[in-house]
S.K.: 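Mind having a look at this structure? Questions to follow.
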Amino acid sequence: MPMSLEETTLSHINVYLVQGDKGYLLVDSGWNTDASFTTLHNYLIKNGVSFGDISQILVTHIHPDHYGMAGRIQKLSGATIAMHHLEKGFIEPRYISMEELLHQTDRLLITNGVPRDFADGLRDATVGLEQYIVPTLPDITLHDGETITTGRFTFRVLWTPGHSSGHICLYEPEQKILLSGDHILPKITPNISVHPQSIENPLGRYIKSLQEIRQLDVKLTLPGHDKPFTRLVPRIDEIIRHHGHRNMEILEAIGVRTKTAYQIAQQITWGDHNGWRDLPPFHQRMAIFETLAHLEMMAADNRIDKLPRNGIIYYGQK
Ligand SMILES: [Zn+2]
Ligand SMILES: [Zn+2]
């Protein structure tokens, strides 16, 4: 069920309804706007399903577009909400009492070279997003390898950290179906960033989880955005290649001097934009934190040096 994400660059989020024998399983929820709610309601009516028929809501990760409306649907359906145990811990600091997270974000920006007068705008770039979320804790926390059976489907929970620390995919080995959330998208590369709620070396972990998924026998991938697709392995290889190219670009940007993630991010090409200066603050912050994910991975792989100096972190060629 593609649901519109007005005012964002992503256009749609796909919500999946899986028929079971004791009610339906809903995978992801859309964000909490009245337009999204009406769209979902209309899809359900068209399929002869009422909110009361939904017995489980599975959240691939707690980003607003995937998780925002889960609490509202739960109130109407009585369904249980399930997510990876790591995601559960992020709900409160991210969407309820945000002071500490803003403080941590600020420190991360400053230690990575962002000037003080510029950091405030970047730190606050996502304040307000919480209006799209009904913060609700899960009834069930999931672990890697667990199974969820509903009707003729038995899904295996695959922990795929990177885009979010507790991101999960669902794999149905009999039908060879993969619900990939934001881990693997057919057209865009998901944002992989270092941020206060990220796992250590998120890009390294992300690529490792891509390589694990690559071993699975998958006929159809159902992603969180864009259309379902069949060519999973070539798409994974494309994403891995993209990150390899980006590493090279970053190494070139470092050059012979030592630089901060903030300095390096300004030298990188970002999507269709003409350059760094044209990016809105939220995307500038993502660009810095994505650059940082590459730097952290290359430092972990011993390809570059990480050099703290007077409370600021610099990176340099070996
Ligand atoms: Zn996401
Ligand atoms: Zn998403």
Side-chain angles (χ1 to χ4, degrees), residues 1-17 26-33 35-36 39-40 57-71 73 81-84 86-91 93-95 101 105 125-126 128-136 138 142 157-170 178-199 202-203 205-207 209-210 213 221-229 235-236 239 242-243 271 282-283 285-287 289-290 293:
M1 302 183 288
M3 308 209 327
S4 169
L5 294 169
E6 324 79 34
E7 298 161 36
T8 71
T9 45
L10 277 172
S11 143
H12 287 84
I13 154 95
N14 298 321
V15 172
Y16 295 94
L17 187 67
L26 191 73
V27 180
D28 287 337
S29 71
W31 61 8
N32 183 37
T33 64
S36 274
T39 307
L40 178 66
I57 304 165
L58 193 130
V59 176
T60 57
H61 62 300
I62 61 151
H63 289 169
D65 46 340
H66 297 259
Y67 159 73
M69 204 159 55
I73 300 165
I81 296 178
M83 65 179 66
H84 190 268
L86 285 178
E87 293 297 272
K88 179 185 177 183
F90 299 144
I91 294 171
R94 196 174 181 127
Y95 299 130
L101 191 71
T105 305
T126 42
L129 263 184
E130 66 280 3
Q131 65 170 307
Y132 298 113
I133 292 131
V134 182
T136 310
L142 299 168
V157 173
L158 306 174
W159 179 44
T160 48
H163 174 68
S164 185
S165 300
H167 187 288
I168 53 170
C169 294
L170 293 180
L178 178 76
L179 283 103
S180 65
D182 279 353
H183 186 53
I184 304 158
L185 300 171
K187 289 195 186 131
I188 56 167
T189 49
N191 165 269
I192 314 293
S193 288
V194 169
H195 58 83
Q197 294 185 333
S198 64
I199 201 161
L203 187 57
R205 296 300 294 265
Y206 174 70
I207 288 172
S209 15
L210 281 181
I213 297 272
T221 303
L222 306 175
H225 305 275
D226 286 317
K227 300 235 164 29
F229 61 101
R235 182 59 190 143
I236 289 176
I239 296 173
H242 160 85
H243 288 296
F282 172 46
H283 288 180
R285 187 175 87 189
M286 283 210 294
F289 288 168
E290 273 190 29

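Counting starts at 1 for both ligands and their atoms, following the listed order.
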S.K.: Look at His66 and state whether any of its N, O or S atoms is less than 2.8 Å from the Zn ion (ligand 2).
M.R.: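 True for His66.
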S.K.: Measuring to the Zn ion (ligand 1), does Asp65 have an N/O/S atom at a distance below 2.8 Å?
M.R.: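 Given the 2.8 Å cut-off, Asp65 does not count as a ligand of the Zn ion (ligand 1).
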S.K.: Pick out which of Val59, Ile57, Asp65 makes a side-chain contact (heavy atoms from CB on, under 4.5 Å) with Asp28.
M.R.: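 Per the side-chain contact (heavy atoms from CB on, under 4.5 Å) rule, the option paired with Asp28 is Val59, out of Val59, Ile57, Asp65.
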S.K.: Minimum heavy-atom separation for Asn32 and Gly68, please, with both atom names.
M.R.: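 Closest approach of Asn32 to Gly68: CB-O, 3.6 Å.
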S.K.: Using a distance threshold of 2.8 Å, state whether an N, O or S atom of His167 lies below it from the Zn ion (ligand 1).
M.R.: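 Not a single backbone or side-chain N, O or S atom of His167 is under 2.8 Å from the Zn ion (ligand 1).
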S.K.: When you draw lines from the Zn ion (ligand 2) to OD2 of Asp182 and to NE2 of His225, what angle lies between them, to the nearest 10°?
M.R.: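 If I round to 10°, I get 120°.
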S.K.: Considering only N, O or S atoms, which atom of His63 is nearest to the Zn ion (ligand 1)?
M.R.: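 Result for His63 and the Zn ion (ligand 1): ND1.
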S.K.: Under 2.8 Å from the Zn ion (ligand 2), is there any N, O or S atom belonging to His61?
M.R.: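 Looking at His61, which is the residue asked about, there is no N, O or S atom under 2.8 Å from the Zn ion (ligand 2).
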S.K.: Which pair of non-hydrogen atoms, one from Tyr206 and one from Gly162, has the smallest distance, and what is that distance?
M.R.: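 Shortest heavy-atom contact: CB-CA, 3.8 Å.
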S.K.: Going by distance alone, is a donor N or O of one side chain under 3.5 Å from an acceptor N or O of the other, for Arg285 and Thr126?
M.R.: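 Thr126 and Arg285 do have a side-chain donor-acceptor pair below 3.5 Å.
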S.K.: Where does the angle between the aromatic ring planes of His167 and His183 fall among parallel (under 30°), tilted (30 to 60°) and perpendicular (over 60°)?
M.R.: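 Tilted: the ring planes of His167 and His183 meet at 30° to 60°.
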